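Given the structure is predicted, the values throughout are model-derived calculations rather than measurements. Atoms within each ligand, like the ligands themselves, are counted from 1 in listed order.
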Amino acid sequence: MKQDNILVIGANGQIGAVLTEALREAYGTDHVLATDIRAAETATPGPFEILDACNGAALNEIVRRWRITQIYHLAAILSARGEENPLWAWNLNMTSWLNVLKTSLDNGVAKVFYPSSIAVFGPDAVKQNTPQDAVLIPTTVYGISKVAGENWANYYHHKYGLDVRSLRYPGIIGYQSDPGGGTTDYAVHIYHYAVKGEPYECFLRADTALPMLYMPDAIRATLELMEAPAQNLSVRTSYNLAGMTFTPAEVAASIQKYLPDFQVRYQPDARQKIADSWPASIDDSRARHDWGWMPQYNLDAMTRDMLQHLGERYGRKVGG
Ligand code: SER
């Protein structure tokens, strides 16, 4: 069997950092090249190169030199940061993705992973149990770029036979890495404040329900989708993916079961409008049917795990 050589783009990001480690466990450290636009002190040991995926020639050179057979393209400007400079965000998100698609085709890359998002949905989509084929009229530039990106994935698959696979990630929560520039980031920050014993000022209203997923489930979903037999995949834009749904008030209450003194104040900012335009919960039945998706963590199970790991990091025993 041919040994895979894997390229991770955006390997220092919130998902990229954890996914790189999981891929190295599965495929061998030396077969997974981590790349990012800048080096990170906290990066996992293993091959690393600086790469700006907007530079198509540089991307192509790396893919050839490393004889890359799979690409995970995780670099993007997320929802909140994208609204600060929409044309820059669009340009970065689309240029890098079109470079990945073209380079993959030119070099015979066998499989490509593209992360999409609940941000593809806008206020016109059904809010509860949003279906796979809901109307996609997003109100953020991040969402627009993900709708376009999904359609480019589908196009390359049907026109050229490129094996592109994609998930619409909900908000992702993990203790290993920090999120940046997203609307769901509060659900990570809140745990850090709680464990440090500090009050948290939440930038969303207490009752804002959003779809979320714990990092181990997100990584497992990604690996399971990428390992699924191609003929089982009926969605080549991007699969709806769900884990749990909660509001800031609910995650605060879940934390308070272990840290009863934890306090949250609510000070909604511009991100509230973005959150209000997104689904509250997601119907992921196609993922369950096609490749056996099944989340393992609910809110309380995630809270226990987050508090335990962050407790270790900050030297504070929580729960138990
Ligand atoms: N977590 C992302 C964001 O908030 C959604 O994909 O932008």
Side-chain angles (χ1 to χ4, degrees), residues 10 12-19 72-86 88-90 92-94 96-97 113-123 125 127 130 134 136 138-150 153 166-192 202-205 208-215 217-219 221-222 225 237-248 251 268-282 284 287 295 302 306:
N12 293 339
Q14 187 201 9
I15 299 172
V18 189
L19 185 63
Y72 292 73
H73 177 49
L74 295 159
I77 303 300
L78 297 195
S79 59
R81 192 153 172 234
E83 292 312 289
E84 290 164 15
N85 195 340
W88 167 73
W90 166 263
L92 191 150
N93 290 357
M94 294 319 297
S96 61
W97 179 223
F113 178 75
Y114 180 65
S116 187
S117 163
I118 53 167
V120 294
F121 302 110
K127 250 201 150 28
T130 309
L136 303 180
T139 51
T140 62
V141 74
Y142 174 62
I144 300 174
S145 76
K146 288 300 180 188
V147 174
E150 288 185 359
S166 175
L167 297 172
R168 289 173 179 158
Y169 288 129
I172 306 292
I173 297 141
Y175 58 87
Q176 302 97 324
S177 51
D178 295 326
T183 301
T184 57
D185 295 8
Y186 91 86
V188 178
H189 298 153
I190 195 168
Y191 284 103
H192 287 258
C202 184
F203 56 74
L204 297 183
R205 266 195 335 265
T208 312
L210 286 170
M212 300 279 184
L213 187 64
Y214 194 35
M215 185 68 86
D217 276 340
I219 298 299
T222 309
L225 170 69
T237 49
S238 187
Y239 278 96
N240 274 12
L241 185 73
M244 59 189 105
T245 279
F246 58 76
T247 65
V251 65
D269 66 15
R271 288 169 278 193
Q272 183 67 49
K273 206 171 153 210
I274 299 176
D276 288 341
S277 77
W278 288 351
S281 59
I282 296 288
D284 62 0
M302 176 176 78
M306 283 292 284

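- Contact residues for ligand 1 (protein heavy atom closer than 4.0 angstrom to any ligand atom): Leu78, Ser79, Ser117, Tyr142, Gly182, Thr183, Thr184, Trp278.
- The salt bridge (Lys or Arg N to Asp or Glu O under 4.0 Å) test applied to Asp276 returns Arg205, not counting sequence neighbours.
- Counting only residues at least two apart or on different chains, the side chain to side chain donor-acceptor pair (under 3.5 Å) pairs with a member in residues 72-81 are Gln70-Tyr72, His73-Ser96, Ser79-Thr183.
- Applying the side-chain hydrogen bond (donor to acceptor under 3.5 Å, both in side chains) rule to Thr130 yields no partners; only residues at least two apart in sequence or on another chain are considered.
- Relative orientation of the Phe203 and His189 rings is perpendicular, given thresholds of 30° and 60° on the angle between their planes.
- Under a 3.5 Å cut-off, the side chain of Gln14 and the backbone N or O of Ile172 do form a donor-acceptor pair.
- Cation-pi check for Lys146 over Tyr114 is met; the charged atom lies under 6.0 angstrom from the ring centroid and within 45 degrees of its normal.
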